[in-house]
Amino acid sequence: MAWLVLVISGFLETAWAIALDRSAGLSRLLPSVVFVVTLVLSMAGLAYALRDIPVGTGYAVWVGIGAVGTGLVGMLVLGESASLPRILCLLLVIAGVVGLKIFH
């Protein structure tokens with residue numbers, strides 16, 4: 001259960017990062033509310049998962065999911081560069097997250 005919560009919390013990290021960007025410095029109400037709600041849920045999920053998963057592994061997996069998710073949304077939805085080097089770097093992050101899970 002802790003791993004499932006950790007993965008969901010990683011996706012919520014992507015959501016709050018995108019909402020923060022869309023909030024225009026917290027000046028737009030709806031994206032700001034989405035940011036705060038998803039941030040709190042993401043942190044709560046991380047805290048729950050860390051009861052059973054070591055902090056080094058849990059935090060790295062959480063950040064990795066959030067970073068890859070945010071990078072993909074940026075490239076696929078927000079028109080950010082989808083260059084080969086960027087994609088390769090995201091694949092390296094994924095490999096690191098998978099490795100942390102395997103060697104947990």
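Note that the structure is a prediction, hence the values are computed from the model and not measured.
- Connectivity analysis of hydrophobic side chains (ILVMFWY, heavy atoms under 4.5 Å, direct or indirect) links Leu92 to nothing; its cluster partners are none.
- Applying the salt bridge (Lys or Arg N to Asp or Glu O under 4.0 Å) test to every pair with at least one member in residues 95-104, sequence neighbours left out, gives no pairs at all.
- Residues Leu26 and Val36 share a hydrophobic cluster, clusters being chains of Ile/Leu/Val/Met/Phe/Trp/Tyr side chains in contact below 4.5 Å.
- Taking Ile53 as the reference, Ala2, Trp3, Leu6, Ala49, Thr57, His104 meet the side chain to side chain contact (heavy atoms under 4.5 Å, CB included) condition, with sequence neighbours excluded.
- Sorted by first and then second residue, the salt bridge (Lys or Arg N to Asp or Glu O under 4.0 Å) pairs involving residues 37-58 (not counting sequence neighbours) form an empty list.
- Listed by chain and number, the residues in a side chain to side chain contact (heavy atoms under 4.5 Å, CB included) with Val63 are Tyr59 (sequence neighbours excluded).
- Residues in residues 69-96 take part in no ring-ring contact (aromatic ring centres under 6.0 Å, His included) pair, two or more places apart or across chains.
- Looking only at side-chain heavy atoms (C-beta outward), Ile8 and Leu41 stay at 4.5 Å or farther from each other.
- With sequence neighbours excluded, the residues satisfying side chain to side chain donor-acceptor pair (under 3.5 Å) with Ser42 are Trp62.
- Transitive grouping of hydrophobic side chains (ILVMFWY, heavy atoms separated by less than 4.5 Å) keeps Leu12 and Ile18 in distinct clusters.
- In this structure Leu88 satisfies the side chain to side chain contact (heavy atoms under 4.5 Å, CB included) test together with Leu84, Leu91, sequence neighbours excluded.
- The hydrophobic cluster containing Leu30 also includes Val34, under a criterion of side-chain heavy atoms closer than 4.5 Å among ILVMFWY residues, counted directly or through chains of members.
- Partners of Arg86 according to the salt bridge (charged side-chain N to carboxylate O under 4.0 Å, His left out) rule, which considers only residues two or more places apart in sequence or in another chain, are Glu80.
- Under the 4.5 Å side-chain heavy-atom criterion for ILVMFWY residues, no single connected hydrophobic cluster contains both Ile65 and Met1.
- In this view, Leu29 and Val33 satisfy the side chain to side chain contact (heavy atoms under 4.5 Å, CB included) rule, not counting sequence neighbours.
- The line from CG of Leu46 to CD of Glu13 is 8.5 Å long, rounded to the nearest 0.5 Å.
- Heavy-atom minimum distance, Ala24 versus Ser27: O-OG, 2.6 Å.
- Rounded to the nearest 0.5 angstrom, Thr70 OG1 and Leu20 CG are separated by 10.5 Å.
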